[in-house]
2 protein chains.
Amino acid sequence: MNQKIEKKPFPESCRVHLQAIDDTMDILNGKWKIRILGVLSFGTRRFMELQREVEGIGSKMLSKELKELEINELVKRTVYDTKPVTVEYEITEYGKTLHVIIGEIAKWGAQHRKRILRSGTVRKPVAA
Amino acid sequence: MNQKIEKKPFPESCRVHLQAIDDTMDILNGKWKIRILGVLSFGTRRFMELQREVEGIGSKMLSKELKELEINELVKRTVYDTKPVTVEYEITEYGKTLHVIIGEIAKWGAQHRKRILRSGTVRKPVAA
DNA sequence: CAGAATCCCCGAAGATACTG
DNA sequence: CAGTATCTTCGGGGATTCTG
């Protein structure tokens with residue numbers, strides 16, 4: 001049975017803020033996208049290089065995630081007409097606008113790691 | 001010695017950076033955590049309120065994600081000994097250190113939305 | 001209300017093989 | 001090399017029910 005507590009639905013300003021968060025997260029979904037962008041932030045990469053550098057990802061997933069990033073114009077794919085075809089991926093100018101976010105994520109991660117180590121306990125970054 | 005340009009596995013500095021990104025993402029995994037933190041950033045919330053405000057989440061998922069956030073000391077759970085028990089969730093001081101990230105995410109989302117609208121096409125934030 | 005327990009399904013994602 | 005195609009498995013997560 002549905003309980004109704006009916007409080008104020010939610011201030012509009014809050015909804016907008018949350019909507020914005022969702023907009024971003026819809027694009028950066030999947031556990032690989034951020035990581036892929038992280039690797040690409042160091043420069044152009046070929047498919048195989050990415051697969052090697054994004055630890056644990058399979059070719060199918062990599063292909064799929066890259067395609068999604070490309071659709072959203074965050075990554076650019078370039079094909080070179082060599083004998084065995086060569087493909088390079090790089091972050092677009094628009095994609096670079098994400099660097100602020102990724103930078104903050106990296107910064108926090110570094111701080112967090114220090115915190116974990118400092119706190120004697122053998123606790124590790126637990127997720128699940 | 002070796003004159004050939006070695007394909008270094010990956011510069012150490014880069015690995016550290018990527019590791020930091022992973023550390024953060026391991027904690028903010030799942031499609032709900034960021035959203036939950038976003039809602040909680042507006043203040044203390046009860047279980048049902050969260051479920052209503054984090055659109056689409058089920059009680060099982062909400063419970064699970066909250067537990068994980070609690071383990072990582074990003075969220076604090078308080079139980080009040082009322083007739084039907086009352087439970088409140090709030091962001092911890094440590095959790096607030098994530099506000100920078102979440103703020104940037106929201107900022108980017110807002111910008112992105114504008115960009116999408118501006119670009120005539122009916123393109124919408126595509127994820128998959 | 002706050003959640004745990006159950007049942008169950010569908011899609012994410014791995015492994016493998018194949019192609020231009 | 002850079003993917004695509006196919007098959008299959010596994011568990012995330014939804015719906016529902018139950019309890020303190």
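A, B, ... follow the sequence lines: proteins, then strands. Residue 1 opens every chain. Reckoned from all heavy atoms, side chains included, excluding hydrogens, waters and symmetry mates. Keep in mind it's a predicted model, so treat the numbers as computed, not measured.
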Quiz prompt | salt bridge (Lys or Arg N to Asp or Glu O under 4.0 Å) involving B:E70 - partner list, sequence neighbours excluded | solution = none

Quiz prompt | Any side-chain donor near an acceptor of the partner, B:Y89 and B:R77, under 3.5 Å | solution = yes

Quiz prompt | For atom OH of B:Y80 and atom P of C:dG3, their distance in whole Å | solution = 13 Å

Quiz item: Once you round it to whole Å, what is the distance between P of C:dA13 and CG of B:N29?
Solution: 12 Å

Quiz item: How does DNA chain C read in dot-bracket, base by base from 5' to 3', with Watson-Crick or G-U pairs under 3.5 Å and | used when the partner is on another strand?
Solution: ||||||||||||||||||||

Quick one: side chains of residues 102-109 of chain B, donor-acceptor pairs under 3.5 Å with protein atoms, not counting sequence neighbours, listed by atom name and distance.
{"residue": "B:E104", "atom": "OE2", "partner": "B:K107", "partner atom": "NZ", "Å": "3.2"}
{"residue": "B:W108", "atom": "NE1", "partner": "A:T97", "partner atom": "OG1", "Å": "2.9"}

Practice problem: Identify, with sequence neighbours excluded, every residue that meets side-chain hydrogen bond (donor to acceptor under 3.5 Å, both in side chains) alongside B:T86. | Solution: B:T82

Practice problem: Please list, chain by chain and in numerical order, all residues satisfying side-chain contact (heavy atoms from CB on, under 4.5 Å) with A:Q19, sequence neighbours excluded. | Solution: A:D22, A:D23, B:R113

Exercise. Report the residues that fulfil side-chain contact (heavy atoms from CB on, under 4.5 Å) with A:T78, sequence neighbours left out, ordered by chain and then residue number.
Key: A:K76, A:Y80, A:E90

Practice problem: Spell out protein contact along nucleotides 1-20 of chain D as letters: B when the base is contacted, S when just the sugar-phosphate is, - when no protein heavy atom is under 4.0 Å; keep the 5' to 3' order. | Solution: SSSB-B------BB------

Quiz item: In chain order, what residues pass the salt bridge (Lys or Arg N to Asp or Glu O under 4.0 Å) check against B:E88, with sequence neighbours excluded?
Solution: none

Exercise. Tell me, please, which residues at least two apart from A:E93 pass side-chain hydrogen bond (donor to acceptor under 3.5 Å, both in side chains).
Key: A:K96

Self-check item: Spacing between A:L62 atom CG and C:dA12 atom C1', to the nearest angstrom
Solution: 16 Å

